[in-house]
Amino acid sequence: TGDVNDVYDILVRMRGEKDEEIAPKDFFPAAERTGMIVAIDRWIMENAVRLMCERLKAGVQPTFFLRVSDQTLTDKNLLPWIEKTLVGATPSIPAGHLVFEVAEKSAEKYITDTRGFAEGVRKLHCGFALEHFGIGHDPMHTLELVRNVDYLKIDGVITAALANDHKKRETVQAYVEKATELKIHTVAERVEKPETMAVLYQIGIEYIQGNYVQEPEVVMTDQAKPAAR
């Protein structure tokens, strides 16, 4: 995420038998079919908390964005597990520095679970984000139903077209205005070109993320399990 502070959008990769990097699209479907995705999500969350504590001890206060899959989102044991994990964290994680993000289409599909999860993580002093926003059936309505949203992350397909698509620019402007009204931070995903940056600045987007701003870097690894970037 584009910010002068230590802010990370945690992405996961897996190492193959020959130490090659395997993208999520190549192992997530199998993980979802076998029910392993929940264990992967928890591994990422648990290790993100561990890394957060290490950074805090070093005098740094990072912010981590952690994706939540559909199966994890609908897991009734998730919030108690997160609470237990946070209680065991030393030092305590500052409020709002751990942000859980759910795709807008997932929120639309599981609106009750999403609203309950967003409310639950806020009670645990964590943040909540709607990512890939703007590509669902009715984004504004979904935002209204979920509530307790701290970050709105505009989908990269939309942001990539802003420089040449006036209609999309007006749509994103409406998203930003609504978010500002609700005191929600706005993030533009997958920003790859300088001309896109200029448009985002005019629209009033607060944060940007993408390879144009910062290339991915390894922040936590486990040789026996997926590596997060």
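Numbering of residues begins at 1 and proceeds along the displayed sequence.
Q71 places no side-chain N or O within 3.5 Å of a backbone atom of I37 that could act as its donor or acceptor partner. Looking only at distances, a side-chain donor or acceptor of T171 sits under 3.5 Å from a matching main-chain atom of K167. Side chain of H132 to backbone of E104: no donor-acceptor contact under 3.5 angstrom is found. D165 contributes no side-chain N or O that, together with a main-chain N or O of A161, makes up a donor-acceptor pair within less than 3.5 Å. Checked by atom type and distance alone, the side chain of E108 pairs as donor or acceptor with a backbone atom of H137 at under 3.5 Å. With hydrogens and angles disregarded, no donor-acceptor distance shorter than 3.5 Å links the side chain of T72 to the backbone of V68.
When all heavy atoms of V146 and A118 are compared, the pair lying nearest together is CG1-CB, 4.2 Å. Of all heavy-atom pairs spanning L130 and A107, the tightest one is CD2-CB, 3.6 Å. The heavy-atom pair separating S106 from T114 by the smallest distance is O-OG1, 4.1 Å. The two residues I184 and V149 have their closest heavy-atom pair at CG1-O, 3.2 Å. Closest heavy-atom contact between P139 and G134: CG-CA, 3.8 Å.
Relative orientation of the Y207 and H185 rings is perpendicular, given thresholds of 30° and 60° on the angle between their planes.
Using a 4.5 Å cut-off between side-chain heavy atoms of Ile, Leu, Val, Met, Phe, Trp and Tyr, with links allowed through other members, M36 and W81 fall into different hydrophobic clusters. The hydrophobic clustering, which links ILVMFWY residues whose side-chain heavy atoms are closer than 4.5 Å, places V102 and V157 apart.
With contacts defined as side-chain heavy-atom distances shorter than 4.5 Å, the pair M52/L98 qualifies. A heavy-atom distance below 4.5 Å is found between the side chains of Q61 and L56. Between V199 and R169 the shortest side-chain heavy-atom distance falls below 4.5 Å. Looking at V191 and M197, their side chains come closer than 4.5 Å, going by heavy atoms from C-beta outward. Side-chain contact check for L145 versus H141: some heavy-atom pair is nearer than 4.5 Å. Side chains of Q209 and V187 form a contact here, defined as non-hydrogen atoms less than 4.5 Å apart. Between S92 and L86 there is no side-chain heavy-atom pair separated by less than 4.5 Å. At a threshold of 4.5 Å between non-hydrogen side-chain atoms, the residues W43 and N47 count as touching.
Of the inter-residue distances, the one linking D41 atom CG with L66 atom CG reads 9.0 Å to the nearest 0.5 angstrom. For the atom pair CD1 (I40) and CD (E32), the distance works out to 9.0 Å, reported to the nearest 0.5 Å. The line from NZ of K76 to OG1 of T74 is 7.0 Å long, rounded to the nearest 0.5 Å. Between atom NE2 of residue H125 and atom CD1 of residue I93 there is a gap of 12.0 Å, rounded to the nearest 0.5 Å. Interatomic distance, CD of E83 versus CG of L78, reported as 11.5 Å (0.5 Å rounding). Going from atom CG of L200 over to atom OG1 of T186 covers 9.0 Å, rounded to the nearest 0.5 Å.
In this structure, M140 places its CE atom where more than 12 heavy-atom neighbours from other residues, nucleotides or ligands lie under 6.0 Å away.
With sequence neighbours left out, the side-chain hydrogen bond (donor to acceptor under 3.5 Å, both in side chains) criterion links E46 to no other residue.
Aromatic ring centres of Y110 and F117 lie farther apart than the 6.0 Å criterion allows. Ring pair F128/F100: centre-to-centre distance not below 6.0 Å.
By the 6.0 Å and 45° rule, K153 stacks over the aromatic ring of F65.
Paired with E131 under the rule salt bridge (charged side-chain N to carboxylate O under 4.0 Å, His left out), one option of R67, R190, K105 passes, and it is R67.
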Kindly determine whether R42 and D75 satisfy salt bridge (Lys or Arg N to Asp or Glu O under 4.0 Å), including the steps that lead there. CA-CA 11 Å; R42 289 195 181 192; D75 179 5; 2.9 Å; yes
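For residues 139-151, the set of pairs meeting the salt bridge (charged side-chain N to carboxylate O under 4.0 Å, His left out) definition, not counting sequence neighbours, comprises R122-D150.
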Compile the donor-acceptor pairs under 3.5 Å between side chains in residues 172-183 and protein atoms, sequence neighbours left out, one pair per line.
from	atom 1	to	atom 2	distance (Å)
Q173	NE2	I203	O	3.3
T180	OG1	V176	O	2.8

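Using a 4.0 Å cut-off between charged nitrogen and carboxylate oxygen, E119 and R115 do not count as a salt-bridge pair.
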